[in-house]
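Any value given below was found using the heavy atoms of this structure, including those in side chains, with hydrogens, waters and symmetry copies removed. When a ligand or atom number is given, it counts from 1 through the structure's own listing order.
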Amino acid sequence: MDGFAGGPTAEPKVCLTIGSSDSSGGAGIQGDIKALASIGCHAATALVGITAQNTRGVVSRHTVPVPAVRAQIDAVLDDLAVDAVKVGTLWSAELVADLAARLADLAVPLVADPVMVTAAGSRLYSDDAVEAFVAELLPLAAVITPNLPEARLLARRPDEDDPVRLCAELARLGASAVVITGGGREVVCDWLFDGHRDYRFRSTPSSAAATHGAGCAHSALITGLLARGDSVVEAVSRAGELAAEGVGRGLVGIGSGESPVDLLDLRRRADALSRPRRPIHRSRPTDRRGHIAEGT
Ligand SMILES: Nc1ncnc2c1ncn2[C@@H]1O[C@H](COP(=O)(O)OP(=O)(O)OP(=O)(O)O)[C@@H](O)[C@H]1O
Ligand SMILES: Cc1ncc(COP(=O)(O)O)c(N)n1
């Protein structure tokens, strides 16, 4: 399946994603696992919260105690050779500080997606968590991936409309590279400052209401592509294209609000399985190892 007839040539990279569960399965940890799997990466996870959520918005949330978050991260890092780390929703300053302390000495790329407000308007960061993010996590990240409103909040420039100036300000605050995502029904344009130059990446816009999880997928894809050895510029360019394709294929019809993106091409997979099967021929019974049972 999927053109792998010649056999695999590369081992999957391992990415640790630290974020919250989305009960509707489109964004958060569930979205990250699918986006990472779509580019051949194994996702390990550390849950920091559980949201009761659907395509219309977040109904409620429960946060995981900080020591329990730390225990998940320690368990993963003690055993798995992790190639890159992503952080998403971070609810409190206490959690941000603890993560920063744990991740400071990690020798692999860290991608930080400061998901502060969902498209439906639900707050996913407290005010002090925003400040802690800027002071403690932003300087550790290889890339941060805010959207425009989040970039304004982080840079404390509520009236700034120019993404290039916002990228520069966030770099001045200590970010190694900044992507400001600009998803939209008419234009999709992401801006990158990689520490040296400004770039602009345009992707094909989709008018379908299927962007739930687009931002999560985009930052998870960057994480996986960095783990696979792409440069920041390559990773951001490819992640933008792949996320836009995922929106284009989005699962309109699942949920009555903003439907989930589809990174795994589920319709094609569902279709392949619903084609008529080859007839199953009765054969002689076998034991559990597939050997033909004696005396039959
Ligand atoms: N309508 C669309 N058509 C095509 N691609 C889109 C569309 N909306 C979003 N995308 C893709 O998803 C990526 C992230 O989108 P967007 O800017 O909407 O993120 P976000 O959800 O606001 O981010 P965050 O996770 O930081 O809150 C974009 O870079 C683009 O690749
Ligand atoms: C648990 C959780 N994490 C992140 C998002 C942001 O989703 P999007 O990718 O649509 O911005 C979300 N809605 N829920």
K.L.:
Decide whether the shortest distance between a heavy atom of L242 and an atom of ligand 1 is less than 4.0 Å.
P.N.:
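No, L242 has no heavy atoms under 4.0 Å from ligand 1.
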K.L.:
L225 and V143: same hydrophobic cluster, using ILVMFWY side-chain contacts below 4.5 Å?
P.N.:
no
K.L.:
Could you state whether L137 and L166 fall into the same hydrophobic cluster, counting links through intermediate Ile, Leu, Val, Met, Phe, Trp or Tyr residues with side-chain heavy atoms under 4.5 angstrom apart?
P.N.:
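Both belong to a single hydrophobic cluster.
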K.L.:
Nearest heavy atom to atom 14 (C) of ligand 1: which of G215, G248, A220 does it belong to?
P.N.:
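Considering heavy atoms of G215, G248, A220, the nearest to atom 14 (C) of ligand 1 sits in G215.
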K.L.:
Does R238 pair with E241 as a salt bridge, N-O distance under 4.0 Å?
P.N.:
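No.
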K.L.:
For ligand 2, find out whether one of its N or O atoms is nearer than 3.5 Å to an N or O atom of S21.
P.N.:
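In fact, backbone or side chain, S21 has no N or O that close.
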K.L.:
Could you give me the CA-CA distance, side-chain angles and deciding distance for W91 and S20, then say whether side chain to side chain donor-acceptor pair (under 3.5 Å) is met?
P.N.:
CA-CA 9 Å; W91 306 95; S20 299; 3.1 Å; yes
K.L.:
Where does I29 meet ligand 2, judged by heavy-atom distances below 4.0 Å: at the side chain, the backbone, both, or neither?
P.N.:
neither
K.L.:
Would a hydrophobic clustering, with Ile, Leu, Val, Met, Phe, Trp and Tyr connected at side-chain separations under 4.5 Å, put V247 with V115?
P.N.:
no
K.L.:
Name the option, out of A214, A239, P205, that contains the heavy atom nearest to atom 12 (O) of ligand 1.
P.N.:
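Nearest heavy atom to atom 12 (O) of ligand 1 lies in A214.
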K.L.:
Considering only NZ, NE, NH1 and NH2 on the basic side and carboxylate oxygens on the acidic side, decide whether R157 and E150 come within less than 4.0 Å.
P.N.:
no
K.L.:
Checking the N or O distance criterion of under 3.5 Å, is ligand 2 in contact with C216?
P.N.:
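C216 vs ligand 2: N/O contact under 3.5 Å present.
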K.L.:
Please say whether P146 places an N or O atom under 3.5 Å from an N or O atom belonging to ligand 1.
P.N.:
no
K.L.:
Could you tell me whether E258 approaches ligand 2 through its side chain, its backbone, both or neither, with non-hydrogen atoms closer than 4.0 Å?
P.N.:
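Near ligand 2, E258 shows nothing, with every heavy atom at 4.0 Å or more.
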K.L.:
One residue to check: N147. Relative to ligand 1, which of side chain, backbone, both or neither has a non-hydrogen atom less than 4.0 Å away?
P.N.:
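N147 to ligand 1: contacts from backbone and side chain alike.
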K.L.:
Pull out every atom of ligand 2 sitting under 4.0 Å from any heavy atom of A27, numbered as shown with elements.
P.N.:
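Heavy-atom distances to A27 below 4.0 Å select 5 (C), 7 (O), 12 (C), 13 (N).
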K.L.:
Any nitrogen or oxygen of E150, side chain or backbone, less than 3.5 Å from one on ligand 1?
P.N.:
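Right, the criterion is met.
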K.L.:
Under a 4.0 Å N-O cut-off, is there an ion pair linking R102 with D74?
P.N.:
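Yes, charged N to carboxylate O under 4.0 Å.
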K.L.:
Is the shortest N/O to N/O distance between G215 and ligand 2 below 3.5 Å?
P.N.:
yes
K.L.:
Return yes when V58 approaches ligand 2 closer than 4.0 angstrom through a heavy atom, no otherwise.
P.N.:
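No, that is not the case, since the closest heavy atom of the residue is not under 4.0 Å from the ligand.
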K.L.:
Under 4.0 Å between a Lys/Arg side-chain N and an Asp/Glu carboxylate O for D271 and R275?
P.N.:
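Yes.
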K.L.:
What atoms of ligand 2 come within less than 4.0 Å of a heavy atom belonging to V115?
P.N.:
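Selected atoms, number and element: 4 (C), 5 (C), 6 (C).
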K.L.:
Within the structure, does G240 bring an N/O atom to less than 3.5 angstrom of an N/O atom in ligand 1?
P.N.:
yes
K.L.:
Within the structure, does S206 bring an N/O atom to less than 3.5 angstrom of an N/O atom in ligand 1?
P.N.:
yes
K.L.:
Identify whether NZ of Lys or CZ of Arg in R197 sits under 6.0 Å from the centre of the six-membered ring of F193 and within 45° of that ring's axis.
P.N.:
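R197 over F193 ring: no.
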K.L.:
One thing to verify: whether D159 and R152 come together as a salt bridge, which I'm taking to mean a side-chain N less than 4.0 angstrom from a carboxylate O.
P.N.:
no
K.L.:
Show me which atoms of ligand 2 lie under 4.0 Å from any heavy atom of S20.
P.N.:
1 (C)
K.L.:
Tell me the contacting part of T211 for ligand 1: side chain, backbone, both, or neither, using a 4.0 Å heavy-atom threshold, strictly below.
P.N.:
side chain
K.L.:
Please identify which atoms of ligand 2 are closer than 4.0 Å to at least one heavy atom of T211.
P.N.:
10 (O)
K.L.:
Which of these, T145, T17, D32, sits in a side-chain hydrogen bond (donor to acceptor under 3.5 Å, both in side chains) with K86?
P.N.:
D32
K.L.:
So, is G213 polar-close to ligand 2, with some N/O to N/O distance under 3.5 Å?
P.N.:
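Looking only at distances, the answer is yes, because the N/O contact criterion of under 3.5 Å is met.
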K.L.:
Select one of side chain, backbone, both or neither to describe which atoms of D113 lie under 4.0 Å from any atom of ligand 1, heavy atoms only.
P.N.:
side chain
K.L.:
Run the contact test for A214 against ligand 2 with a 4.0 Å cut-off on heavy atoms, strictly below, and give the result.
P.N.:
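Yes.
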K.L.:
Give the single entry among G182, G184, A244, G183 that approaches atom 2 (C) of ligand 1 most closely by any heavy atom.
P.N.:
G184
K.L.:
Do D190 side-chain atoms and G182 backbone N/O form a donor-acceptor pair below 3.5 Å?
P.N.:
yes
